J.: 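I have a structure here, written as structure tokens, and I will follow up with some questions on it.
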Amino acid sequence: MDAEHMGDKLLNVLFTEEQIQHRLAELAQEVWEDYKDKDVLLVGVLKGAVLVMADFMRALPGSAPIDFLAVSSYGSGTKSSGVVRILKDLDTDITGRHVLIVEDIIDSGLTLSWIKTNLESRGPASVEICTLLRKPEAAKVEIDVKYVGYDIPPAFVVGYGLDYDEHYRNLRVIGTLAPHVYS
Ligand code: PRP
């Protein structure tokens, strides 16, 4: 789906397909340089990270295995509660492995903070984070993110894996959702 198919539901386009691909290629080069002597396992967090994972892994100039985690917030249903439950765990034993978590967005940071701590408890050689987007002004916890595509303002963004009520993940660009859609 293209930006024009959103009609008045999209306020603006933040990043085009080309910009996203260009930045992911830069990140992939950086990551590959850092892990050149190591076997890195890419861990995607479902569902939002699927598109980032698909393009990021193909931008790497060498082979890297992948795995996926699915998580959900407990209780309140708000994704920023910070209490997380694993819906689908990794298939891989990460003991002694170098893990790179691949994410679409870090908002409050609570989800990733929990996931990072959880994975670190399994005895990996290292755990780092690569995210396409980050909202620094929305941060509720300090979290060390080694690779960031773009820092963005705290607006509601959709597309390229990011949803509103499960919709618009298949939008090719990343854009700001018009407030009338969710208010
Ligand atoms: C998004 C995103 C992160 C999380 C970030 O996932 O993929 O996992 O929210 O939010 P936080 O920094 O405030 O914790 P979401 O819960 O929307 O699920 P989804 O990936 O299935 O869209």
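Side-chain atoms are counted along with the backbone in the values below, which use heavy atoms only and exclude waters and symmetry mates. Both counts, for ligands and for their atoms, begin at 1 and track the order of listing. In this text, all values refer to a predicted model and were calculated from it rather than measured experimentally.
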J.: Partners of R172 by salt bridge (Lys or Arg N to Asp or Glu O under 4.0 Å), sequence neighbours excluded?
T.: D2, E17

J.: Can an N or O of L112 be found at a distance shorter than 3.5 Å from an N or O of ligand 1?
T.: no

J.: Numbering the atoms of ligand 1 from 1, which are under 4.0 Å from a heavy atom of S108?
T.: 11 (P), 12 (O), 13 (O), 14 (O)

J.: One pair to check against salt bridge (Lys or Arg N to Asp or Glu O under 4.0 Å): K88 and D67. What are the steps and the verdict?
T.: CA-CA 11 Å; K88 184 231 167 276; D67 203 342; 3.8 Å; yes

J.: Between side-chain atoms of residues 30-40 and protein atoms elsewhere (two or more places apart, or another chain), which donor-acceptor pairs fall under 3.5 Å?
T.:
unit_1, atom_1, unit_2, atom_2, d
E33, OE2, K36, NZ, 2.7
D34, OD2, Y147, OH, 2.5

J.: Heavy-atom contacts under 4.0 Å between D104 and ligand 1: side chain, backbone, both, or neither?
T.: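 Near ligand 1, D104 shows its side chain, while the N, CA, C and O stay back.
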
J.: Who gets closest to atom 21 (O) of ligand 1 by heavy atom: E103, K47, K140?
T.: K47

J.: Identify, by atom number and element, the atoms of ligand 1 in contact range of G48, meaning under 4.0 Å from any of its heavy atoms.
T.: 19 (P), 20 (O), 21 (O)

J.: Using a strict 4.0 Å cut-off to heavy atoms of R169, name the atoms of ligand 1 that fall inside it.
T.: 19 (P), 21 (O), 22 (O)

J.: Ignoring hydrogens, what is the shortest heavy-atom contact between A49 and V102? Give both atom names and the distance.
T.: CB-O, 3.3 Å

J.: Which atoms of ligand 1 sit under 4.0 Å from any heavy atom of D163?
T.: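 Every atom of ligand 1 under 4.0 Å from some heavy atom of D163: 22 (O).
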
J.: Considering only heavy atoms of I105, which atoms of ligand 1 have at least one such atom less than 4.0 Å away?
T.: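 That gives atoms 2 (C), 3 (C), 5 (C) of ligand 1.
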
J.: Answer yes or no: does an N/O atom from T111 fall short of 3.5 Å to an N/O atom of ligand 1?
T.: yes

